[in-house]
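Report on the structure given below.
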Amino acid sequence: MNISITPRIIMFTFALLTGCASSPGRRIDQRAVAAGLERYKVDKAPLPSLIYIKRAADDVSAARPLLVFLEGDGLPWQGGRAPAMDPTTQDPVAMELLINSPGPSTYVTRPCYQEQSSDNCTPEYWTGARYSINVVESMVAAVREAQRRTRTNEIVLIGYSGGGVLAVLIAERLERVRTVVTLAANLDTDAWTKHHGYLPLSQSLNPTLSNLPHPWTEIHLQAGTDDVTPGATTTAYFKRFPKAQRRIIANYNHECCWVNDWEIFLRELPLGVAQ
């Protein structure tokens, strides 16, 4: 497998800060540059992703876990009928969580998002196959590359919305996972699609149906007024994994107020980071 790396060099930074940032991916790039993040392309089969890295201020990373932030589904469909030309989120919640976290940490994009393309990138990978084994294995490779670059041993996976589904699926396929945290995640994808009357995600993995062990600590934060991923749609997941912790935040909805209150969660969750 080949790893194609795009380093954060002066010309790249200059282009982002002076050029047009009209697309969601370019706006995320611009936000990353402003926050001092490093950007790399991980081009492993079958699908390409980007990783953005925030390093520890003292560069003593091995003793700290790598915080891995995973974004939501973005905009898979146009008008609910046709696959989107660009599914990249216009509201990168997970990116903002990373920026407001101590290093070492990384933001791993969804494969084929943010204008990353290959011959294998087809709309299935942001619609019915958005949580497929090819997506998961590609993101596992990206996490390992971020881990190599930050020289970290343990991993903490933090996923927002659909990124929470991927956090669980990725954790099942990685070593040295310390904690999995999800925010407003649709942990039972079959129950979630049925609740909304969406097309079944027949090409995707459903964490609730997994037979793989969950030896790590897992904490799932759910919003009390979330009508996008209602807590009632995740009941089967907690029956399947009774050791998983479920915390309901009464006054939150799907979007509010994860970023605003992230500093509080950093202090309260067992993430192994120093403030």
If two hydrophobic side chains count as joined below 4.5 Å and joins carry through other members, does [X] share a cluster with [Y]?
X	Y	answer
V177	V136	yes
V42	I155	yes
W77	Y198	no
M95	V259	yes
V165	I133	yes

### E145 and R149: CA distance, side-chain angles, deciding distance, side-chain contact (heavy atoms from CB on, under 4.5 Å) verdict
CA-CA 6 Å; E145 177 62 18; R149 288 187 164 271; 2.9 Å; yes
May I ask you to test the [X]-[Y] pair for a side-chain heavy-atom distance under 4.5 Å?
X	Y	result
S117	C112	no
P111	Q116	no
S210	F241	yes
K41	P48	yes
P92	Y107	yes
Y252	D261	yes

### Task
Tell me, with the steps shown, if L266 and S101 meet side-chain contact (heavy atoms from CB on, under 4.5 Å).
CA-CA 8 Å; L266 281 172; S101 300; 4.1 Å; yes
Between [X] (side chain only) and [Y] (backbone N and O only), is there a donor and an acceptor less than 3.5 Å apart?
X	Y	answer
T109	L50	yes
W258	L183	no
S204	Y131	yes
E71	A94	yes
W192	V228	yes
R27	S22	yes
N120	L47	no

Specify the closest pair of heavy atoms between [X] and [Y], including all atoms of both residues, with the distance to one decimal.
X	Y	answer
R110	G162	NH1-C, 4.0 Å
E255	Y160	CA-OH, 3.9 Å
H196	D227	CE1-O, 3.3 Å
P76	T127	O-CG2, 3.7 Å
P46	S118	O-OG, 4.1 Å
I28	T89	CD1-O, 4.2 Å

### Task
Evaluate the criterion side-chain contact (heavy atoms from CB on, under 4.5 Å) for residue pair L271 and F265; output intermediate values, then yes/no.
CA-CA 9 Å; L271 304 184; F265 291 116; over 6 Å; no
What's the spacing between [X] [atom1] and [Y] [atom2] if we round to 0.5 Å?
X	Y	atom1	atom2	result
L70	S161	CG	OG	12.0 Å
T225	I249	OG1	CD1	11.0 Å
D188	N206	CG	CG	4.5 Å
N153	Q147	CG	CD	7.0 Å
E172	L157	CD	CG	11.0 Å
D73	R130	CG	CZ	4.5 Å

### Message
Under 4.0 Å between a side-chain nitrogen and a carboxylate oxygen: does that hold for E137 and R173?
### Response
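No salt bridge links E137 with R173.
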### Query
Thinking salt bridges, do R144 and E175 make one under a 4.0 Å N-O criterion?
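Yes, this pair counts.
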### Message
Just to verify, which of T208, T233, L209 counts as forming a side-chain contact (heavy atoms from CB on, under 4.5 Å) with D190?
### Response
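Filter result, single survivor: L209.
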### Message
side chain to side chain donor-acceptor pair (under 3.5 Å) for T88 and D86? Distances and angles first, verdict last.
### Response
CA-CA 6 Å; T88 306; D86 181 1; 2.7 Å; yes
### Task
Ignoring hydrogens and angles, state whether a donor on the side chain of D29 or Y52 is under 3.5 Å from an acceptor on the partner side chain.
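On atom types as modelled, these side chains qualify, holding a pair under 3.5 Å.
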### Chi angles and distances behind the side-chain contact (heavy atoms from CB on, under 4.5 Å) call for L98, L37
CA-CA 10 Å; L98 177 144; L37 306 184; 3.7 Å; yes
Please table the atom pairs, donor to acceptor, closer than 3.5 Å between any side-chain atom in residues 215-224 and protein atoms at least two apart or in another chain.
unit_1, atom_1, unit_2, atom_2, d
E218, OE1, H220, NE2, 2.6
E218, OE1, Y237, OH, 2.6
E218, OE2, H214, ND1, 2.8
H220, ND1, T182, OG1, 2.7
Q222, OE1, R246, NE, 2.8
Q222, OE1, R246, NH2, 3.3
Q222, NE2, T234, OG1, 2.8

